[in-house]
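Notes for the one structure printed next.
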Amino acid sequence: MNATQRLLEMMEQFDLPVLVQREKQIETQHGYVIEVEGPGLYKLIHLGDVIAPFDNLEELCGFIKTYS
């Protein structure tokens with residue numbers, strides 16, 4: 001399973017909708033975009049501003065859930 005598939009599965013567990021999926025970017029609720037940087041590394045972007053890199057999918061999805 002690749003990094004994007006793992007991300008999509010975790011988003012489903014957190015009930016985060018996938019609004020748009022591009023090659024290595026997934027747009028979700030409230031202006032958040034997740035960019036797959038590599039195996040196990042994800043960049044969180046909010047309204048065009050980089051928030052932080054994440055290497056833990058649960059923390060990433062939990063952050064989006066908490067702040068959206």
Side-chain angles (χ1 to χ4, degrees):
M1 181 182 323
N2 69 33
T4 302
Q5 291 169 323
R6 285 192 297 275
L7 173 58
L8 291 170
E9 283 187 7
M10 187 61 67
M11 289 178 70
E12 186 177 327
Q13 289 178 24
F14 277 79
D15 293 321
L16 293 172
V18 174
L19 303 179
V20 178
Q21 181 178 355
R22 295 177 195 89
E23 263 186 59
K24 296 199 176 237
Q25 283 190 338
I26 296 172
E27 194 174 318
T28 188
Q29 62 193 18
H30 303 286
Y32 284 101
V33 174
I34 305 163
E35 188 173 302
V36 179
E37 293 279 295
L41 186 59
Y42 307 88
K43 179 172 32 175
L44 180 61
I45 302 165
H46 182 249
L47 301 175
D49 294 324
V50 176
I51 302 297
F54 284 85
D55 60 4
N56 182 302
L57 286 176
E58 287 185 43
E59 288 178 10
L60 170 62
C61 291
F63 182 95
I64 295 169
K65 219 32 180 169
T66 299
Y67 294 102
S68 62

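Among residues two or more places apart in sequence or in another chain, the side chain to side chain contact (heavy atoms under 4.5 Å, CB included) test is passed with Gln5 by Met1, Asn2. Not counting sequence neighbours, the partners of Glu27 by the salt bridge (charged side-chain N to carboxylate O under 4.0 Å, His left out) test are Arg22. With sequence neighbours excluded, no residue satisfies side chain to side chain donor-acceptor pair (under 3.5 Å) with Glu12. For Ala3, the side chain to side chain contact (heavy atoms under 4.5 Å, CB included) partners two or more places apart in sequence, or in a different chain, are Arg6, Val36, Tyr42.
In the hydrophobic cluster analysis, where Ile, Leu, Val, Met, Phe, Trp and Tyr join through side-chain heavy atoms closer than 4.5 angstrom, Tyr32 is grouped together with Leu7. Residues Met11 and Val33 do not share a hydrophobic cluster, clusters being chains of Ile/Leu/Val/Met/Phe/Trp/Tyr side chains in contact below 4.5 Å.
Rounded to the nearest 0.5 angstrom, Glu23 CD and Gln25 CD are separated by 10.0 Å. Residue Ile26 holds its CD1 atom at 4.0 Å from CG of Leu8, rounded to the nearest 0.5 Å.
In this structure, Thr28 contributes its side chain and Val18 its backbone to no donor-acceptor pair below 3.5 Å.
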Under 3.5 Å, which donor-acceptor pairs do the side chains of residues 61-68 form with other protein atoms, sequence neighbours left out?
| unit_1 | atom_1 | unit_2 | atom_2 | d |
| --- | --- | --- | --- | --- |
| Lys65 | NZ | Phe14 | O | 3.2 |
| Thr66 | OG1 | Gly62 | O | 2.8 |
| Ser68 | OG | Gln29 | NE2 | 2.8 |
| Ser68 | OG | Ile64 | O | 2.6 |

Verdict with reasoning, Ile34 to Ile45, per side-chain contact (heavy atoms from CB on, under 4.5 Å): CA-CA 6 Å; Ile34 305 163; Ile45 302 165; over 6 Å; no

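Contacts classified as salt bridge (Lys or Arg N to Asp or Glu O under 4.0 Å) and involving residues 28-49 (residues at least two apart or in different chains) are given here: Glu35-Lys43, Glu37-Lys43. Under the salt bridge (Lys or Arg N to Asp or Glu O under 4.0 Å) criterion, no residue pair touches residues 53-64, with sequence neighbours excluded.
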